[in-house]
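Below is one structure, written out as C-alpha cells; the observations come after it.
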There are 2 protein chains.
Amino acid sequence: MTDTAPRARRSDATRAAILRAARERFAADGYDRATIRAIAADARIDPSMVMRYFGSKEGLFAAAAEFDLRLPDLAGVPRDRVGEALVRHFLDRWESDDTLVALVRAASTNPGAAERMRGIFADQLGAAVTGLGGDPTGALRRAGLVASQILGLAFTRYVLRLPPVVDLTPADLVAWVAPTVQRYLTGPTPA
Amino acid sequence: MTDTAPRARRSDATRAAILRAARERFAADGYDRATIRAIAADARIDPSMVMRYFGSKEGLFAAAAEFDLRLPDLAGVPRDRVGEALVRHFLDRWESDDTLVALVRAASTNPGAAERMRGIFADQLGAAVTGLGGDPTGALRRAGLVASQILGLAFTRYVLRLPPVVDLTPADLVAWVAPTVQRYLTGPTPA
DNA sequence: GTCTATAATTCGATAGAC
DNA sequence: GTCTATCGAATTATAGAC
C-alpha cells in the first residue's frame, strides 16, 4: 500500500531541508556570500541536488524568499492602536522567521531581491494601509513611511546589530516605536 | 624649481581618483560585487595600482569608508527643533555624498563595514545626543532609536528605492520624519 | 535520485619588466 | 610609478556514471 493523495514523495523532505538551510545562510551571509556549496553542506546533501531542484542560485533564492507578512486585518483593530498592533506583529514575525532578515540583507546587493522586497511592502503593507480608509495615494505614502521605520528597526537590530537597539526588549521597542507608526498611519498630513 | 611644502605628488591625484571610484562602486554594488577591476576601470588606471596604494580590497574599503557625519552641535539648536535639524542634516549629507550609502550597503554583508558603521553611529551620533543632557545610558538608547529611523529612511530611499519614499521631496520627508526623531530625542520615556 | 568529475568564469593578489 | 602576465582559489553550472 502506497501513500495516497498529495503523495508525500521522499524528495519533499530534501527540498524542505534545502530551503531551510538556504534561508539561514541567506539571512546570515547575504546573497553573494551564501554559496550553494555551503547551503548543501548544511542540508547534508550534494550541491548538485540544489541545482536539480531549483535550477540556479537565483531560482533557489526566489523559492526561499517567498514570504507572506501575514498582516492582521487593521480594520478589526481599534483605530488608535493600529500602530502598536503593526509593530508588535512585525517583531513577532522577525523573531520567529529568518526569511525577512534574509531579504533585507540580500536586497542590499541583489536587484532581484530588492524587487521582491518592494513588491512585498507595496502589495501587502500597501493593501493593509489602504484598508484603513483615506485616499489611496496618501495610503501608499503612509505605507512607505511605515516601511522606513519598520525596516530601519530590522536593519539596526538584526543586520547591523547596533547595541542599544539590540538591548531593548520587544516590549520596550513597541512602547517607543508604536507612536511613530501610529502617526504615520492615522496622523494629520503635515503642512 | 620644484614644489614646496606638502609636495603635491603626482600619485595623489591617482589616489584620489581611486577613492572616488571606489565610493561610487561600493555604494552602487555593495562590498562583494564591487570588484577592484571595475573600480580601476572607472578610475582609468590599472588594477594593480589599487593593490599598490591600498594593499588589499579590505584596505581600500577602509580608506573609502572613512566618514564624518559632521553633525551640528545640537546644543546650539532650539530644543524643540533638534529633530528637524537632524533629519535635514542627514538628508543633505546623503544627497551630496555616496559614502554613507556605500556603508549601508556594505554593512549588510561585510562584518568590517558593519563594525565601522556601529562605531560611527555610536560615537558620533551618541556624542551629539549625549550633549543634549539627561543620563548617558538613556542618551545612547535615544541615539539608537534615532538611528533606526534615520537608517531606515536611508535604506528605503537610497538602497531599496521604495517608490513612495523616493517620490517624497526632502522637505516632505523632514515634515513627516522630524517629529519622530524629536520624540526619540526629547520625548518622555514610555512606561 | 544521488553523486563524481569537471567545465567555464571570475576574482584577489603577486612577480617582474620597463 | 605604471603596466603585462599570470597564479591559485573559489564559484556556478553541466555532463554523465551508477
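Chain naming here is simple, since letters A, B, ... match the order of the sequence lines and numbering starts at 1 in each. The structure displayed is predicted, hence computed values, not measured ones.
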OP1 or OP2 of D/dT2 versus the side-chain N and O atoms of B/Tyr53: is any pair under 4.0 Å?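 The answer is yes; a side-chain N or O of B/Tyr53 sits under 4.0 Å from OP1 or OP2.
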
So does A/Leu185 get a backbone contact from the side chain of A/Arg142, meaning a donor-acceptor N/O pair under 3.5 Å?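 Flag set: sc A/Arg142 to bb A/Leu185 pair under 3.5 Å.
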
Heavy-atom closest pair, residues [X] and [Y]:
{"X": "B/Ile45", "Y": "B/Val50", "answer": "CD1-CG2, 3.9 Å"}
{"X": "B/Ser108", "Y": "A/Ser108", "answer": "OG-OG, 2.7 Å"}
{"X": "A/Arg183", "Y": "B/Thr180", "answer": "NH2-OG1, 2.7 Å"}
{"X": "A/Arg25", "Y": "A/Ala34", "answer": "O-CB, 3.8 Å"}

Whole angstroms only, please: what is the [atom1]-[atom2] distance between [X] and [N]?
{"X": "A/Met51", "N": "D/dG16", "atom1": "CE", "atom2": "P", "result": "16 Å"}
{"X": "A/Asp32", "N": "C/dC11", "atom1": "CG", "atom2": "C1'", "result": "12 Å"}
{"X": "B/Arg52", "N": "C/dA15", "atom1": "CZ", "atom2": "P", "result": "14 Å"}
{"X": "A/Asp29", "N": "D/dT11", "atom1": "CG", "atom2": "C1'", "result": "15 Å"}

Do A/Trp94 and A/Arg157 have side chains that approach each other closer than 4.5 Å (heavy atoms only, starting at C-beta)?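 A/Trp94 vs A/Arg157: side chains apart.
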
To the side chain of B/Ile36, which of C/dA13, C/dG1, D/dT2 is closest? C/dA13

Which of these, A/Thr156, A/Leu162, A/Leu151, sits in a side-chain contact (heavy atoms from CB on, under 4.5 Å) with B/Leu151? A/Thr156

Reading nucleotides 3-10 of chain D from 5' to 3' and marking B where a protein heavy atom lies under 4.0 Å of the base, S where only the sugar-phosphate is that close, and - otherwise, the string is BB------

Can you sort out which residues in residues 54-62 of chain A have a heavy atom within less than 4.0 Å of DNA chain D? Ascending by number, please. A/Ser56, A/Lys57

Determine all donor-acceptor pairs shorter than 3.5 Å in which one atom belongs to a side chain in residues 120-137 of chain A; sequence neighbours excluded.
residue: A/Gln124; atom: OE1; partner: A/Leu69; partner atom: N; Å: 2.7
residue: A/Gln124; atom: NE2; partner: A/Phe67; partner atom: O; Å: 3.1
residue: A/Thr130; atom: OG1; partner: A/Gly126; partner atom: O; Å: 2.7
residue: A/Asp135; atom: OD2; partner: A/Gly138; partner atom: N; Å: 2.9

